[in-house]
Amino acid sequence: MRTDTTTIPAQEAAYLLRLKLGPIRAWSDFLADCIRGRASLRGLTLTPCLRIKNGGTFRPMYALEDVEAFIAEVLKTEPSAGPTAIKANTLSVDRRQHWRLNKFDQQGTMLRRIEAHSRMRATAH
């Protein structure tokens with residue numbers, strides 16, 4: 001039986017999952033793995049209700065009510081699920097350098113660049 005269903009694309013479903021459940025999974029990867037039958041969260045899976053042609057390929061679309069029901073079930077069964085604030089770090093970054101040269105360890109200490117390595121690379125080329 002056909003019914004009018006409010007649907008959202010996979011990107012929006014992943015955003016909604018991150019917003020309501022936090023970063024306990026990489027949600028876009030989780031949704032892709034659920035389609036392939038390779039992932040579940042405490043036995044719960046979320047599958048699309050249809051595919052819609054976008055450009056040259058078909059993209060999965062999720063029923064909004066299914067996404068909301070999945071969120072409610074996960075909140076009941078997964079103790080670590082829930083909204084989480086974004087964690088920001090304040091680091092002393094040299095914005096004049098290329099981003100690859102600004103390296104820090106997990107404590108926020110800048111890692112020293114070994115000059116001998118850069119000289120060796122320059123002479124090798």
Side-chain angles (χ1 to χ4, degrees):
M1 174 173 61
R2 293 179 185 250
T3 59
D4 290 340
T5 304
T6 304
T7 60
I8 57 175
Q11 302 90 335
E12 297 295 325
Y15 172 76
L16 191 57
L17 293 169
R18 169 63 171 89
L19 183 69
K20 301 288 186 177
L21 299 176
I24 58 174
R25 293 276 192 278
W27 292 111
S28 56
D29 292 343
F30 176 79
L31 293 175
D33 290 342
C34 280
I35 291 172
R36 295 180 187 99
R38 295 182 185 161
S40 69
L41 182 62
R42 300 217 177 216
L44 301 170
T45 60
L46 182 61
T47 54
C49 66
L50 62 92
R51 295 184 304 162
I52 193 165
K53 190 160 183 145
N54 184 2
T57 61
F58 285 93
R59 304 283 182 196
M61 299 288 282
Y62 292 84
L64 187 56
E65 62 188 32
D66 292 348
V67 175
E68 290 170 347
F70 178 81
I71 290 169
E73 287 298 316
V74 170
L75 287 173
K76 288 180 198 173
T77 60
E78 183 66 36
S80 63
T84 306
I86 294 174
K87 180 183 169 191
N89 296 326
T90 303
L91 301 170
S92 180
V93 177
D94 185 355
R95 300 293 299 257
R96 296 171 296 167
Q97 288 187 343
H98 190 269
W99 65 270
R100 290 179 187 244
L101 300 177
N102 288 312
K103 296 180 181 179
F104 295 85
D105 64 13
Q106 290 193 344
Q107 288 77 33
T109 306
M110 185 169 198
L111 300 175
R112 306 292 296 165
R113 183 171 179 209
I114 301 172
E115 293 298 323
H117 289 183
S118 62
R119 275 186 255 125
M120 286 174 34
R121 291 183 77 205
T123 58
H125 293 356

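Source: prediction; values computed, not measured.
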Closest heavy-atom pair, A39 versus C34, reported as atoms and distance to 0.1 Å, is O-SG, 3.7 Å
Interatomic distance, CG@L50 vs OH@Y62, rounded to 0.5 Å, equals 10.5 Å
Determine all donor-acceptor pairs shorter than 3.5 Å in which one atom belongs to a side chain in residues 64-75; sequence neighbours excluded.
{"from": "E73", "atom 1": "OE2", "to": "K76", "atom 2": "NZ", "distance (Å)": "3.4"}

For residues 7-26, tabulate all N or O donor-acceptor pairs below 3.5 Å that involve a side-chain atom, not counting sequence neighbours.
none

Value for CG (L101) from CG (L111), rounded to nearest 0.5 Å, stands at 12.0 Å
Does the side chain of N89 reach to within under 4.5 Å of the side chain of F104, using non-hydrogen atoms? no
Nearest 0.5 Å, what's the OG1-CZ distance between T57 and R51? 10.0 Å
Return the minimal non-hydrogen interatomic distance between F30 and L44, and the atom names on each side. CZ-O, 4.0 Å
Quick one: closest heavy-atom pair of L91 and G108, and the distance? CD2-CA, 3.6 Å
Distance-minimising heavy-atom pair for C49 and A63: SG-N, 3.6 Å
Here the gap from S40 atom OG to L46 atom CG, rounded to the nearest 0.5 Å, amounts to 12.0 Å
Got V93 and M110 here, is their nearest side-chain heavy-atom distance under 4.5 Å? no
T45 (side chain) donor-acceptor with G43 (main chain) under 3.5 angstrom: no
